[in-house]
Amino acid sequence: MTSGNTYDLVIIGAGSIGVPVALYAQRSGLSTLVLDKQPSAGQGEAKTAIGGIRATHSDPAKIRICLRSIDVFSEWEDREGDDLGWRKGGYLFPIYTEKDETTLKGLLDVQKSHGLNIDWIGPEEVAKLVPGIRREDLCGGTYSPDDGNASPLKCTAAFSRVARREGAEFRFNETVTGIEVEKGRVTGVVTDKGEYPCKHVLNAAGSNAPEMGRPVGIELPVNPDSHEAGVTEPVERLFDPLIVDIRVTPGSKNCYFYQNSANQIVFCLTPDPISPGTNRDSTAMFLPVVSKKMVDLLPKLSNLRVRRVWRGCYPQTPDGMPIVGSSREIAGYHYAVGLCGQGFMLGPGLAEDVVSLIRTGKPVTDEKVFESFRLDRDFAVAEALR
Ligand SMILES: Cc1cc2nc3c(=O)[nH]c(=O)nc-3n(C[C@H](O)[C@H](O)[C@H](O)COP(=O)(O)OP(=O)(O)OC[C@H]3O[C@@H](n4cnc5c(N)ncnc54)[C@H](O)[C@@H]3O)c2cc1C
């Protein structure tokens with residue numbers, strides 16, 4: 001089947017970035033088609049995210065983009081009516097070593113200079129925010145009260161509902177197999193079911209992004225690695241901030257958890273060593289390691305019952321930063337890939353940049369700041385707060 005329409009934009013992937021781009025693209029007047037191999041939106045890595053949303057980064061582009069995302073998440077219910085499960089609980093990094101204290105304090109100037117509301121707080125204030133937190137060796141921590149959390153499932157449903165209302169089309173159960181290029185310009189997208197003529201294509205294929213670059217000779221250094229998460233039964237409210245515990249312990253680099261709008265504790269672990277690949281089977285090691293770590297930090301969690309665990313992938317880049325831009329060689333080919341462990345929080349803010357790139361060749365975010373997302377950057381230097 002060949003579509004009779006020539007779309008302005010075809011998006012490969014209805015995920016954390018593809019869906020908000022569809023919304024803003026269609027709203028800006030670009031006729032937009034989203035293709036996904038799965039049966040509905042958000043069935044890739046999007047549904048595996050635990051819902052943390054922070055502008056607390058060390059990279060200026062991420063700070064600014066996530067500040068815009070937070071505006072979208074926090075204002076959505078008033079504007080569009082959907083409950084996203086948004087809670088402005090803040091982010092707290094409790095700190096237990098001088099080395100970590102120095103590192104996090106060293107980031108504050110740059111974070112504040114880009115508009116982030118963050119500060120160092122002492123141990124008393126940390127304990128007030130999280131009653132019962134481990135006090136031994138507690139130096140204090142950084143606290144950014146305007147960060148928050150929301151339900152990735154509710155967000156995908158709401159964003160795609162509004163994208164459709166604006167006129168964007170979605171086609172599911174359709175795998176993109178090729179991209180057509182004539183005289184150095186994108187002319188269409190080929191799937192296992194048909195062909196769709198278009199002027200622009202966006203590679204938003206998450207963990208499969210490299211496969212959608214190779215047909216046009218573009219190498220995208222995205223290598224997924226597996227991460228596990230879980231959710232408990234609901235309990236009385238225990239604390240508000242999302243807590244990031246950066247203490248390295250056997251089997252893990254860090255863990256983070258928060259209490260969602262349904263009062264469940266949602267948690268995630270960064271395994272050590274990392275687990276390269278796309279294995280989505282839960283491991284026997286995850287729950288023992290993560291629960292030990294969480295209970296050590298907050299002993300009152302010890303009697304909580306876990307309802308469910310799952311495993312998904314970070315579409316990882318060598319430096320922990322996304323890769324976003326437009327091909328110089330092939331007009332009309334764009335990519336928003338390698339969103340690592342932050343695609344959900346970056347989604348709405350970054351979508352504005354992507355649509356602007358497609359329409360005008362420039363992002364919304366200051367161009368100089370946005371350079372940290374370039375494909376031709378030096379990937380050797382990792383972000384401090386990745
Ligand atoms: C355990 C865990 C916890 C996480 N927690 C958070 C968090 O708290 N906050 C946060 O911001 N991020 C979090 N993340 C990261 C987040 O989930 C990802 O960064 C994000 O979902 C990536 O978005 P994406 O749009 O690039 O990919 P996806 O959401 O995976 O979307 C890509 C889409 O492309 C489709 N696709 C791929 N290839 C093709 C093809 N050939 N044809 C058609 N369709 C195709 C896929 O089916 C998929 O739907 C977490 C991840 C994990 C695993």
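Whatever order the structure lists ligands and atoms in, that order sets their numbers, starting from 1. Here the structure is a predicted model, which is why all the values come from computation and not from measurement.
Hydrophobic clustering keeps Y335 apart from V364 (ILVMFWY residues linked when any side-chain heavy atoms are closer than 4.5 Å, directly or through intermediates).
Counting non-hydrogen atoms of other residues, nucleotides and ligands closer than 6.0 Å to NZ of K105 gives a total above 12.
Side-chain atoms of S144 and T56 include a donor-acceptor pair closer than 3.5 Å.
Listed by chain and residue number, nothing satisfies the side chain to side chain contact (heavy atoms under 4.5 Å, CB included) test with K183 (two or more places apart in sequence, or in another chain). By the side chain to side chain contact (heavy atoms under 4.5 Å, CB included) test, R359 pairs with S28, L30, V355, sequence neighbours left out.
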Between the protein and ligand 1, are there any N or O atom pairs that come within less than 3.5 Å of each other, and if so, what are their names and distances?
from	atom 1	to	atom 2	distance (Å)
ligand 1	5 (N)	I50	N	3.1
ligand 1	8 (O)	G51	N	3.3
ligand 1	8 (O)	G52	N	2.9
ligand 1	9 (N)	G52	O	3.0
ligand 1	11 (O)	Q342	O	3.3
ligand 1	11 (O)	F344	N	3.0
ligand 1	11 (O)	M345	N	2.7
ligand 1	12 (N)	G341	O	3.0
ligand 1	17 (O)	E45	O	3.1
ligand 1	19 (O)	C340	O	2.7
ligand 1	19 (O)	G343	N	2.9
ligand 1	21 (O)	S16	OG	2.7
ligand 1	21 (O)	A46	N	3.3
ligand 1	23 (O)	S16	OG	3.4
ligand 1	25 (O)	S16	N	3.0
ligand 1	25 (O)	I17	N	3.1
ligand 1	29 (O)	S16	N	3.1
ligand 1	29 (O)	A46	N	3.1
ligand 1	30 (O)	E45	N	2.7
ligand 1	41 (N)	V176	O	3.2
ligand 1	42 (N)	V176	N	2.9
ligand 1	44 (N)	K37	N	3.1
ligand 1	47 (O)	D36	OD1	2.7
ligand 1	49 (O)	D36	OD1	3.4
ligand 1	49 (O)	D36	OD2	2.6

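Sorted by first and then second residue, the salt bridge (charged side-chain N to carboxylate O under 4.0 Å, His left out) pairs with a member in residues 270-283 read E45-R280; sequence neighbours excluded.
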